[in-house]
Asks: 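I have a structure I would like to understand better, so I am pasting it below and will then ask my questions one at a time.
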Amino acid sequence: MRNLDHVDQLKIERKGRSDFVTQIDRGAESEIVKTIRKAYPQHAVLGEEGGRSDIAGQDNEVLWIIDPLDGTTNYLHGLPHFSVSIGIQVRGVLQHGVIYAPCTQDLYCASRGAGATLNNRRLRVSNTKELDSALIGTGVPINANHLDAYLPMLRYIAETTAGIRRAGSAALDLAYVAAGRLDGFWELGLKPWDIAAGLLMVQEAGGMTSELYGGADVLATGHVLAANPKLHPQLAEAFSDIAKRSPAA
Ligand code: IPD
Ligand code: CA
Ligand code: CA
């Protein structure tokens, strides 16, 4: 937040055409990792900027999955919509997640079996039953292969729902599904740090998460569909029909 007014002075590196990294991303991640290491020296860490580090001689059964700044492109443009996302896996199963939006000071928390909260108030996904009343979040891929698969889905959602939002932080998109602000969300090619906390958040708020066509391996593939339990099966079926018609998907 301290640097948000000085984004023009930041040293920006490009990891790809639309993949930027700044000292903010790196600095935030190293602060987070330092804090975790102090409290839990035996835990392993997977951070977007620093990669995975396991502790020698430990079984590393606890893994912290960290995106120190989700929405870097928004941040660099002074758009006040970005977040910090941290998920915790224990023996490969997501157990805890937090997503924090510094500009609104919204803190989303979830623990397996204990529900999800926003600033300590219980979260619940929306009750929207029909696609034609649904507001759906998404992320537009820049990778050409993903785009070929994505565009027919975008067309379908544009033609059948009440609206689409591309807000620029996948972690917050999932938090919004958990909070019932969005009725659903889909995006292709996300990374574990974008979604680890958010997937648990949606599940613990009573929503469903999966691969685009309903498969379970979403953390590994990064092709994410999340929605309330009324809409999720409808969306998974529609995406699966689209994939059958369009070989790119
Ligand atoms: C990005 C954001 C964005 C999504 C991209 C992600 P980053 O994360 O979550 O919404 O569309 O796919 O890479 O790079 O800002 O941490
Ligand atoms: Ca991210
Ligand atoms: Ca990031």
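All ligand and atom numbering here is 1-based and tracks the order in the structure. What you are looking at is a predicted structure, and each value in this text was computed from that prediction instead of being measured. Scope of the values below: all heavy atoms of this structure, side chains included, with no hydrogens, waters or symmetry mates.
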Asks: Is it the case that S111 and H96 place a side-chain donor and acceptor less than 3.5 Å from each other?
Replies: yes
Asks: Using a distance-only test with no angle check, is there a side-chain donor-acceptor pair under 3.5 angstrom linking S126 and D183?
Replies: yes
Asks: Side chain, backbone, both or neither: which part of D194 has a heavy atom under 4.0 Å from ligand 1?
Replies: side chain
Asks: Please indicate whether any nitrogen or oxygen in L190 is less than 3.5 Å from any nitrogen or oxygen in ligand 1.
Replies: no
Asks: For ligand 1, which atoms have a heavy atom of G71 less than 4.0 angstrom away?
Replies: 7 (P), 15 (O), 16 (O)
Asks: Hey, looking at atom 4 (C) of ligand 1, which of H146, E49, E187, E48 has the closest heavy atom?
Replies: E187
Asks: In this structure, does ligand 1 have an atom that sits under 4.0 Å from one of the heavy atoms of L69?
Replies: yes
Asks: Show your reasoning for whether side-chain hydrogen bond (donor to acceptor under 3.5 Å, both in side chains) applies to N127 and N228.
Replies: CA-CA 7 Å; N127 198 27; N228 79 33; over 6 Å; no
Asks: Do Y150 and T138 pair up side chain to side chain, a donor and an acceptor below 3.5 Å, judged on atom types alone?
Replies: yes
Asks: Has S30 got a side-chain atom pairing as donor or acceptor with G27's backbone, closer than 3.5 angstrom?
Replies: yes
Asks: Between G71 and the Ca ion (ligand 3), is there a contact where an N/O/S atom of the residue lies under 3.0 Å from the metal?
Replies: no
Asks: Using 3.0 Å as the threshold, say whether any N, O or S atom from D67 sits that close to the Ca ion (ligand 2).
Replies: yes
Asks: Looking at the Ca ion (ligand 3), which N/O/S atom of E48 is the nearest one?
Replies: OE1
Asks: Show the atoms of ligand 1 that are less than 4.0 angstrom away from any heavy atom in A170.
Replies: 2 (C), 9 (O), 10 (O)
Asks: For ligand 1, which atoms sit closer than 4.0 Å to a heavy atom of S169?
Replies: 9 (O), 10 (O)
Asks: As a test of reading the structure, name the N/O/S atom of D194 that is nearest the Ca ion (ligand 2).
Replies: OD1
Asks: Following the transitive rule for hydrophobic clusters with a side-chain heavy-atom cut-off under 4.5 Å over Ile, Leu, Val, Met, Phe, Trp and Tyr, establish whether L235 and L182 coincide in one cluster.
Replies: no
Asks: For the ring pair Y75 and F82, is the centre-to-centre distance below 6.0 Å?
Replies: yes
Asks: Are any of the N/O atoms in T72 less than 3.5 Å from those in ligand 1?
Replies: yes
Asks: Going by distance alone, is a donor N or O of one side chain under 3.5 Å from an acceptor N or O of the other, for T160 and R155?
Replies: no
Asks: Given G168, P68, A171, G137, which has its nearest heavy atom closest to atom 3 (C) of ligand 1?
Replies: G168
Asks: Provide the atom name of the closest N, O or S atom of D70 relative to the Ca ion (ligand 2).
Replies: OD1
Asks: Would you say ligand 1 has an N or O under 3.5 Å from any N or O of D67?
Replies: yes
Asks: Would you kindly specify which portion of R166 sits under 4.0 Å from ligand 1, judged on non-hydrogen atoms: side chain, backbone, both or neither?
Replies: side chain
Asks: CG/L212 to OG1/T221 distance, rounded to the nearest 0.5 angstrom?
Replies: 7.0 Å
Asks: Could you measure the distance from the CD1 atom of I66 to the CD atom of E29? Nearest 0.5 Å is fine.
Replies: 6.0 Å
